[in-house]
Amino acid sequence: MKISANIKQSGPVVILTGAGISAESGIKTFRDYNGLWENHPIEEVATPEAFISAPERVHRFYNLRRQQLLTAEVRPNAAHSAIAEFQNTYPGDVTLITQNVDNLHERAGSENVLHMHGQLTECRCNNCGYVGQAPLELDSDSQCPGCRETRCLRPNIVWFGEMPFFLDHIDKRLSHAALFIAIGTSGQVYPAAGFVRQARSAGAFCVELNLLPSDNNHLFDQGYFGPASEIVGDFLQQILEST
C-alpha cells in the first residue's frame, strides 16, 4: 500500500473503528444469521423498552457478553496495538472514536477513547445518573453506589432508539480533521456511517481500512483491504514515516 501525498503532515487525525477491528480478537456478537439471540430478536435485549419489560433477560445478555470479553482468549490484536502506538508517536492530534463496546483499545494502551455506543464494562443509574465500573454480574438487585437504590442500574450501552455519546465533540473533531481513517466499519450504522461525509466536507483526506469495501466505500479517497491485524499497522507506520 502507498499513501497519498495529499495527506497534510502532522495535521489532526480522526480514527473511527468498528466491529471489524475486534473480530480477530474473538469477540462474539451473540447474534446468529437470523438476527436472534436465544430465539429472541436482538431488539428484545437492546432497547429501553426491553429493559423495562424484561430487565433480567437484558441483564443476562450483557452479563454473558461482559464475561466473554474478560476471558483470557479475548485480547487486543495487532491493529489495536498499532493504533495505540500511533497515538503515542504521531506529532499531531489524534482522536480515536469507536463504535465498539469492548475495552480492547484501552487494554492495548490507547487513552481518551470516545466510546460512542458506550462500554460493556460500565453501568449507569437511571435514577441518579451514576456511571461506574459494572460488576461481572449485574441484575435488578444490584445496588447503585451513587443513590444506594436497586432496580435502577443498567449497562452503560447505547441501545436502539437512543442517542450515541460524544456527538458534539466528534463533530468538532471531524470539522478540523486533515485525515479521517475508518477501520473495520460496515458503513451501514448511522450516525457513524456519515462521519466520512462530514470529514470530506471539512477537507479531510479519507481512507478506509477494511476486510472488504464498506457500503459507503465510494466516499473514501483511498481504500486498503485485508485483515485489520495485517493492514492497519502498515498504513499507520507509513503515516509516521511521512511526518
Side-chain angles (χ1 to χ4, degrees), residues 1-23 29 35 42-43 46 79-80 82-83 86-87 90 92-102 104-105 110 112-119 157-228 231-236 238-240 242-243:
M1 73 178 59
K2 185 176 181 180
I3 64 174
S4 170
N6 294 330
I7 297 174
K8 301 175 184 177
Q9 292 187 351
S10 303
V13 176
V14 176
I15 299 174
L16 170 69
T17 65
I21 197 171
S22 293
T29 65
I42 201 72
E43 290 77 11
H80 295 103
I83 291 173
F86 181 76
Q87 287 181 291
Y90 184 72
D93 181 72
V94 180
T95 300
L96 176 56
I97 308 162
T98 186
Q99 296 171 271
N100 300 333
V101 298
D102 60 59
L104 296 178
H105 281 302
S110 289
N112 301 317
V113 185
L114 300 180
H115 284 267
M116 60 181 297
H117 293 157
Q119 298 190 60
I157 300 292
V158 175
W159 287 327
F160 291 104
E162 295 183 324
M163 186 68 68
F165 300 144
F166 308 114
L167 289 184
D168 288 343
H169 186 59
I170 291 170
D171 285 344
K172 291 178 183 178
R173 295 294 182 166
L174 290 171
S175 69
H176 293 94
L179 173 62
F180 174 72
I181 309 170
I183 303 172
T185 64
S186 66
Q188 298 175 340
V189 180
Y190 283 85
F195 289 172
V196 61
R197 288 186 184 274
Q198 291 179 255
R200 281 177 63 90
S201 67
F205 192 84
C206 300
V207 179
E208 175 179 23
L209 306 178
N210 219 338
L211 187 61
L212 296 169
S214 65
D215 282 14
N216 58 359
N217 172 256
H218 63 284
L219 297 173
F220 290 87
D221 297 293
Q222 288 183 342
Y224 302 104
F225 306 102
I231 66 173
V232 172
D234 287 346
F235 179 80
L236 295 180
Q238 288 192 58
I239 296 295
L240 292 174
S242 70
T243 58

Has His176 got more than 12 heavy atoms of other residues, nucleotides or ligands less than 6.0 Å from its NE2?
no
Under a 3.5 Å distance rule, please check whether His115 uses its side chain to pair with a backbone N or O of Thr98 as donor and acceptor.
no
Side chains of residues 181-189: which donor-acceptor partners sit under 3.5 Å, not counting sequence neighbours?
residue, atom, partner, partner atom, Å
Ser186, OG, Gln188, N, 3.2
Gln188, NE2, Asp215, OD2, 3.1

Verify, without hydrogens or angle tests, whether Ser242 (side chain) and Ile239 (backbone) share a donor-acceptor contact under 3.5 angstrom.
yes
Closest approach of Val14 to Ala177 (non-hydrogen atoms, all atoms of both residues):
CG2-CB, 3.7 Å
Does any N or O in the side chain of His117 come within less than 3.5 Å of the main-chain N or O of Val101, such that one atom is a donor and the other an acceptor?
no
Any pair with a residue in residues 201-211 that passes side-chain hydrogen bond (donor to acceptor under 3.5 Å, both in side chains), sequence neighbours left out, goes on the list, sorted by first then second residue, please.
Glu208-Asn210, Glu208-Ser214, Glu208-Asn217
Measure the spacing between CZ of Phe195 and CE of Met116 and express it to the nearest 0.5 Å.
4.0 Å
Quick one: pull up CG in Leu219 and CZ in Phe180 and give me the separation to the nearest 0.5 Å.
10.0 Å
Distance check, rounded to the nearest 0.5 Å: His169 atom NE2 versus Leu174 atom CG?
10.0 Å
Which atom names give the shortest non-hydrogen contact between Ala79 and Ile21, and what distance separates them?
CB-CG1, 3.7 Å
My understanding is that only residues two or more places apart in sequence, or in another chain, count here; which of them pass salt bridge (charged side-chain N to carboxylate O under 4.0 Å, His left out) with Asp171?
none
Carefully, step by step, assess Ile42 and Phe160 under the rule side chain to side chain contact (heavy atoms under 4.5 Å, CB included).
CA-CA 10 Å; Ile42 201 72; Phe160 291 104; 4.0 Å; yes
Looking at Ile83, Thr95, Leu209, which one forms a side-chain contact (heavy atoms from CB on, under 4.5 Å) with Ile15?
Ile83
Hey, does the side chain of Tyr90 reach the backbone of Gly11 with a donor-acceptor pair shorter than 3.5 angstrom?
yes
What are the two closest heavy atoms between Ser175 and Ala202, and how far apart are they?
O-CB, 3.5 Å
Once rounded to the nearest 0.5 Å, what's the spacing between atom CZ of Arg197 and atom SG of Cys206?
11.0 Å
Do the rings of His80 and His105 sit parallel, tilted or perpendicular, given the 30° and 60° boundaries?
perpendicular
With the side chain counted from C-beta on, respond yes when Ile231 and Phe225 share a heavy-atom pair under 4.5 Å apart, and no when they do not.
no
If only atom types and distance count, is the side chain of Asp221 paired as donor or acceptor with the main-chain N or O of Val207 below 3.5 Å?
no
So how far is it from Leu114 CG to Arg173 CZ, rounded to the nearest 0.5 Å?
8.0 Å
